[in-house]
Amino acid sequence: MFHEAKPIKFDFDAVAAVLHVATDPANALLPEITTWQEIIRGTGGRHKGGLLIEPAHLRRGQTITVTVLIDGEEKPVHCVQFPLIDVEQSNVRPGSLSRETANALDGASLYIGPFGIRVGR
């Protein structure tokens, strides 16, 4: 259950675009996932942004994997708002999906899930 109907909020410190969303089990409902951005004061107009997972019914054991393209340097991802009640936050590498996406986007810089990887040669 989401406390006070607040979304889960991730900060990538850069502008982001959602490339792919998947859930396991596949028949589980997906929550609405959106991106946000804002101008950082005192930086001459530099933007930062991240991802919002809107309140929805999440099943026990459900895993949501979000593939995100980041416009900027590789930096750690921060979960700045985790309003789920009686739920432990987990940052787990999604495995083979990461490798397939990395190979498909060879030469790009991207974040997959709540951690960064650098793709390139």
Side-chain angles (χ1 to χ4, degrees):
M1 181 161 56
F2 285 77
H3 182 66
E4 296 182 355
K6 293 181 180 179
I8 301 170
K9 183 176 182 180
F10 293 94
D11 184 355
F12 300 129
D13 196 32
V15 177
V18 175
L19 298 179
H20 184 262
V21 180
T23 185
D24 183 32
N27 65 346
L29 295 176
L30 278 172
E32 180 181 353
I33 298 175
T34 58
T35 58
W36 62 270
Q37 68 177 7
E38 62 187 44
I39 297 174
I40 304 170
R41 290 186 198 165
T43 62
R46 188 172 155 273
H47 286 76
K48 74 174 190 170
L51 186 77
L52 295 174
I53 300 176
E54 298 295 336
H57 177 73
L58 303 176
R59 292 171 40 176
R60 179 181 301 274
Q62 180 178 356
T63 301
I64 299 170
T65 305
V66 182
T67 305
V68 180
L69 181 63
I70 303 298
D71 182 15
E73 294 296 316
E74 180 178 354
K75 295 180 183 177
V77 175
H78 301 284
C79 183
V80 295
Q81 183 171 286
F82 191 76
L84 296 180
I85 298 171
D86 296 330
V87 176
E88 183 178 324
Q89 183 178 348
S90 174
N91 296 336
V92 178
R93 183 179 300 268
S96 62
L97 180 60
S98 295
R99 187 73 275 152
E100 289 171 21
T101 304
N103 290 337
L105 296 173
D106 189 22
S109 176
L110 74 149
Y111 281 102
I112 299 177
F115 55 87
I117 63 170
R118 172 70 65 183
V119 182
R121 296 179 181 170

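Atom set for the values below is all heavy atoms of this structure, side chains included, hydrogens, waters and symmetry mates excluded. Throughout, residue positions are numbered sequentially from 1 according to the sequence presented. Nothing here was measured: the structure is a model prediction, and the numbers come from that model.
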| request: Taking all heavy atoms of Ala5 and all of Pro55, pick out the closest pair and write down the distance. | output: O-CG, 3.2 Å

| How close do Asp71 and Ala14 get, heavy atom to heavy atom, and via which atoms? | O-CB, 3.4 Å

| query | Lys6: what forms a side chain to side chain contact (heavy atoms under 4.5 Å, CB included) with it, not counting sequence neighbours? | reply | Glu4, Gln81, Pro83

| remark: The salt bridge (charged side-chain N to carboxylate O under 4.0 Å, His left out) partners of Asp13 (sequence neighbours excluded) come to Arg46, Lys75

Nearest 0.5 angstrom please: [X] [atom1] to [Y] [atom2], how far?
X: Arg59; Y: Ile64; atom1: CZ; atom2: CD1; value: 11.0 Å
X: Asp11; Y: Lys48; atom1: CG; atom2: NZ; value: 4.0 Å
X: Ile8; Y: Ile53; atom1: CD1; atom2: CD1; value: 4.5 Å
X: Leu52; Y: Thr35; atom1: CG; atom2: OG1; value: 8.0 Å

| message | If we ignore hydrogens and angles and just use 3.5 Å, is the side chain of Trp36 paired with the main-chain N or O of Phe10 as donor and acceptor? | response | yes

| said: For residues Ile70 and Ile39: do they belong to one hydrophobic cluster (side chain heavy atoms under 4.5 Å, members Ile, Leu, Val, Met, Phe, Trp, Tyr)? | reply: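 Different clusters.
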
| Taking it one step at a time, do Val18 and Thr67 satisfy side chain to side chain contact (heavy atoms under 4.5 Å, CB included)? | CA-CA 6 Å; Val18 175; Thr67 305; over 6 Å; no

| query | Do Ile33 and Glu54 come close enough that some side-chain heavy atom pair is under 4.5 Å? | reply |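 No; the side chains remain at least 4.5 Å from each other.
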
| message | Applying side chain to side chain contact (heavy atoms under 4.5 Å, CB included) to Lys9 and Leu51, what does each step give before you reach the verdict? | response | CA-CA 6 Å; Lys9 183 176 182 180; Leu51 186 77; over 6 Å; no

| task | Taking atom CG of Leu29 as the centre, report whether more than 12 heavy atoms of other residues, nucleotides or ligands fall under 6.0 Å from it. | result | no

| said: Before you tell me yes or no, could you show the steps for Phe2 and Leu58 under side chain to side chain contact (heavy atoms under 4.5 Å, CB included), namely the whole-Å CA-CA distance, both residues' side-chain angles and the distance that decides it to 0.1 Å? | reply: CA-CA 10 Å; Phe2 285 77; Leu58 303 176; 4.1 Å; yes

